[in-house]
*Asks:* 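This is the structure I want to talk about, given as structure tokens.
FYI, side chains are in, hydrogens and waters are out, and symmetry mates aren't considered; it's all heavy atoms of this structure.
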Amino acid sequence: MPELPEVETVANDLNQYLRGKIIARLELIGRHSLVKNSWPDFKKSLQGKKVLKVYRRAKMIVVALESGYLLFHLKMTGQLIYVLKKSLVAGGHPIASTGVAVPNKFTRLIFHFKNGGVLYFNDIRKFGWVKFLKNEAFEALDKATGLEPLSKEFTFKRFEEILQRRSRTSLKAALLDQKHLVGLGNIYVDEVLYNAGLSPKRLAGSLKEKEKIKLFKAIPLILKKSIARRGTTFSDFLDAQGRQGGFAALLKVYGRASLACPRCGAPIIKSRLAGRGTHWCKNCQK
DNA sequence: CAATCAACCTGGGTGC
DNA sequence: TGCACCCAGGTTGATT
């Protein structure tokens with residue numbers, strides 16, 4: 001589900017709701033491996049702790065506590081939804097805009113806050129995870145995580161180096177790789193390549209200067225446009241209030257197989273590349 | 001080291 | 001209705 005714009009949306013929402021709040025109690029539903037710490041350690045590390053701030057790092061949601069960090073990864077179908085307890089009704093809290101209720105059969109973990117706020121971690125496919133890290137462990141992870149495409153460190157020079165490192169593979173695979181550049185996933189790689197007019201099959205090392213510049217500019221452009229619309233809901237993504245993102249209507253190629261290219265009218269191609277469904281216009285992307 | 005691919009899990013959609 | 005596929009916003013560990 002969530003790529004950079006979706007994770008950014010949820011993190012910003014949660015920052016507003018959770019900043020300064022104190023964790024009172026945790027509830028784990030069912031037995032599963034979504035919590036990466038042992039359950040007693042996890043509870044002990046979190047109960048009574050105050051949230052300093054919430055932000056995004058790569059595709060992770062980082063909750064900075066007064067000591068240590070809580071990290072979430074939503075993977076494909078994870079959701080973090082916050083509601084105030086006083087607005088809960090018997091059988092769950094219906095969320096007006098989508099009709100989704102929390103808790104529901106996909107709720108795996110619940111955080112109760114001292115102000116009466118409740119944070120629900122839902123995940124249909126159970127790929128998502130959460131873990132508590134001490135300060136040193138978080139700093140090591142942060143250091144080992146790749147470059148942020150919306151940061152000032154994302155320079156043309158750094159981008160060229162990243163392309164060069166993956167020069168013998170396709171642009172699709174190179175941009176999906178989180179090792180050196182983080183945040184892009186299947187939707188935004190396709191959209192970025194469409195914007196840049198480049199075929200996903202092109203080898204990363206084959207770009208001319210002008211093409212590299214186009215691609216370099218397309219990455220933050222597309223990501224920012226999606227953040228402004230609060231991300232893309234294709235099937236499961238919801239923000240921290242249970243609302244859908246608004247970027248799906250602006251997608252040019254992703255999910256538009258056989259429909260007309262918005263630029264030239266040719267049918268959008270879909271095939272499998274780097275193990276993922278890949279959408280592009282054969283006419284506009286060279 | 002770099003590239004590929006199955007595996008993790010559940011649900012939705014399609015075709016017979 | 002049922003069943004047998006195929007597909008899905010991510011990552012990782014095994015295998016070439």
*Asks:* Take atom CZ of A/Phe237 and atom C1' of C/dG10, then tell me their distance rounded to the nearest Å.
*Replies:*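 Distance, rounded to whole Å: 15 Å.
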
*Asks:* Is a side-chain donor-acceptor pair under 3.5 Å present for A/Thr77 with A/Asp236?
*Replies:*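 Side-chain D/A pair, A/Asp236 to A/Thr77: absent.
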
*Asks:* Roughly how many Å is it from NE2 in A/His180 to P in C/dT11, rounded to a whole number?
*Replies:*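 Result: 15 Å.
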
*Asks:* Distance only, no hydrogens: is a donor on one side chain within 3.5 Å (strictly under) of an acceptor on the other, for A/Tyr254 and A/Thr232?
*Replies:*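 Distance-only check fails for A/Tyr254 and A/Thr232.
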
*Asks:* Verify the contact: side-chain N or O of A/His73 to OP1 or OP2 of C/dT11, cut-off strictly under 4.0 Å; return yes or no.
*Replies:*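 Yes, A/His73 has a side-chain N/O under 4.0 Å of OP1/OP2 on C/dT11.
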
*Asks:* How would you label the contact of A/Gly277 with the nucleic acid (heavy atoms, under 4.0 Å): base, sugar-phosphate, or nothing?
*Replies:*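 It contacts sugar-phosphate atoms only.
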
*Asks:* Please report, rounded to the nearest Å, how far the P atom of C/dT11 is from the CG atom of A/Leu34.
*Replies:*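 Rounding to the nearest Å, CG of A/Leu34 and P of C/dT11 are 16 Å apart.
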
*Asks:* Which atoms of nucleotides 3-5 of chain B (N or O only) lie under 3.5 Å from a protein N or O atom, and what are those distances?
*Replies:*
residue, atom, partner, partner atom, Å
B/dA3, OP2, A/Arg166, NE, 2.7
B/dA3, OP2, A/Arg166, NH2, 3.1

*Asks:* Sort by first number and list every stem of DNA chain C: at least 3 consecutive Watson-Crick or G-U wobble pairs, both distances under 3.5 Å.
*Replies:*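 Consecutive-pair runs (3 or more) involving DNA chain C: B:2-8 with C:10-16, B:10-16 with C:2-8.
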
*Asks:* Strictly by ring-ring contact (aromatic ring centres under 6.0 Å, His included), give each pair with a member in residues 201-225 of chain A just once, sequence neighbours left out.
*Replies:*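 Counting only pairs at least two positions apart or across chains, the ring-ring contact (aromatic ring centres under 6.0 Å, His included) contacts touching residues 201-225 of chain A are A/Phe154-A/Phe216, A/Phe156-A/Phe216, A/Phe159-A/Phe216.
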
*Asks:* Please enumerate all residues that pass side chain to side chain donor-acceptor pair (under 3.5 Å) together with A/Arg256, with sequence neighbours excluded.
*Replies:*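 With sequence neighbours excluded, A/Arg256 shows a side chain to side chain donor-acceptor pair (under 3.5 Å) to no residue whatsoever.
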
*Asks:* Just the rounded figure in Å: distance from P of C/dT11 to CG of A/Leu175.
*Replies:*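 Atom-to-atom, A/Leu175 to C/dT11, this comes out as 14 Å.
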
*Asks:* Run the side chain to side chain contact (heavy atoms under 4.5 Å, CB included) check on A/Val7 and A/Arg57 step by step: do they pass?
*Replies:* CA-CA 9 Å; A/Val7 180; A/Arg57 176 74 171 99; over 6 Å; no

*Asks:* Verify the distance criterion only: is there a donor paired with an acceptor across the side chains of A/Glu139 and A/Tyr69 at less than 3.5 Å?
*Replies:*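 A/Glu139 vs A/Tyr69: no donor-acceptor pair found between side chains.
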
*Asks:* Is the phosphate of B/dC8 approached by A/Lys75 (side-chain N or O, under 4.0 Å from OP1 or OP2)?
*Replies:*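 False: A/Lys75 side-chain N/O out of range (4.0 Å or more) of B/dC8 OP1/OP2.
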
*Asks:* When A/Phe111 is tested against each of A/Phe121, A/Phe72, A/Tyr120 for ring-ring contact (aromatic ring centres under 6.0 Å, His included), which residue passes?
*Replies:*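 Among the candidates, only A/Phe72 passes.
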
*Asks:* Please report, rounded to the nearest Å, how far the P atom of C/dA8 is from the CD atom of A/Glu3.
*Replies:*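 From A/Glu3 CD to C/dA8 P: 13 Å.
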
*Asks:* What is the separation between atom OH on A/Tyr188 and atom P on C/dG10, rounded to the nearest whole Å?
*Replies:*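 Distance check: A/Tyr188 OH to C/dG10 P gives 10 Å.
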
*Asks:* Give me the distance, rounded to whole Å, that separates C/dT11 from B/dG11 when you measure between the P atoms they each carry.
*Replies:*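 Their P atoms lie roughly 22 Å apart.
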
*Asks:* Atom CH2 of A/Trp129 and atom P of C/dG10: how far apart are they, to the nearest Å?
*Replies:*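 Going from CH2 in A/Trp129 over to P in C/dG10 covers 15 Å.
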
*Asks:* Using the C1' atom on both, measure B/dT10 against C/dG13 and round to a whole Å.
*Replies:*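 Rounded to whole Å, the distance is 22 Å.
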
*Asks:* What is the nucleic acid contact for A/Tyr254, judged by heavy atoms within less than 4.0 Å: base, sugar-phosphate only, or nothing?
*Replies:*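 If one applies the 4.0 Å heavy-atom cut-off, A/Tyr254 turns out to touch the sugar-phosphate alone, with no base involved.
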
*Asks:* Are side-chain N/O atoms of A/Glu8 and A/Tyr55 paired as donor and acceptor at under 3.5 Å?
*Replies:*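 No, because no side-chain N or O of A/Glu8 sits under 3.5 Å from a partner of the opposite role on A/Tyr55.
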
*Asks:* Determine, for nucleotides 9-15 of chain B in 5'-to-3' order, which nucleotides have protein heavy atoms under 4.0 Å from the base (write B), from only the sugar-phosphate (write S), or from neither (write -).
*Replies:* BBS----

*Asks:* Can you tell me if A/Thr278 and A/Lys172 form a side-chain donor-acceptor pair at under 3.5 Å?
*Replies:*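 Note: A/Thr278 and A/Lys172 side chains meet the donor-acceptor criterion.
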
*Asks:* Nearest-Å distance, CG (A/Leu74) to C1' (C/dG10)?
*Replies:*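 It is 11 Å, rounded to the nearest whole Å.
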
*Asks:* Side-chain donor-acceptor pair under 3.5 Å between A/Thr9 and A/Asp239, yes or no?
*Replies:*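 Checked: A/Thr9/A/Asp239 side chains show no N/O donor-acceptor pair below 3.5 Å.
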
*Asks:* Is the terminal nitrogen or CZ of A/Arg243 (NZ for Lys, CZ for Arg) located under 6.0 angstrom from the six-membered ring centre of A/Phe237 and within 45° of that ring's axis?
*Replies:*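 Because its charged atom misses either the 6.0 Å distance or the 45° angle limit, A/Arg243 does not stack over A/Phe237.
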
*Asks:* Mind checking the P distance from C/dC3 to B/dC9? Whole angstroms is fine.
*Replies:*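 One P to the other, the span is 23 Å.
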
*Asks:* Going by atom type alone, with no hydrogens or angles, which donor-acceptor pairs under 3.5 Å involve a side-chain atom of residues 42-50 of chain A and a protein atom two or more places apart or on another chain?
*Replies:*
residue, atom, partner, partner atom, Å
A/Ser45, OG, A/Asp41, O, 2.7
A/Lys49, NZ, A/Ser45, O, 2.6
A/Lys49, NZ, A/Ser67, OG, 3.3

*Asks:* State whether A/Arg272 places a side-chain N or O below 4.0 Å from either non-bridging phosphate oxygen (OP1 or OP2) of C/dA8.
*Replies:*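 So the side-chain polar atoms of A/Arg272 do come within 4.0 Å of the phosphate oxygens OP1 or OP2 of C/dA8, strictly under.
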
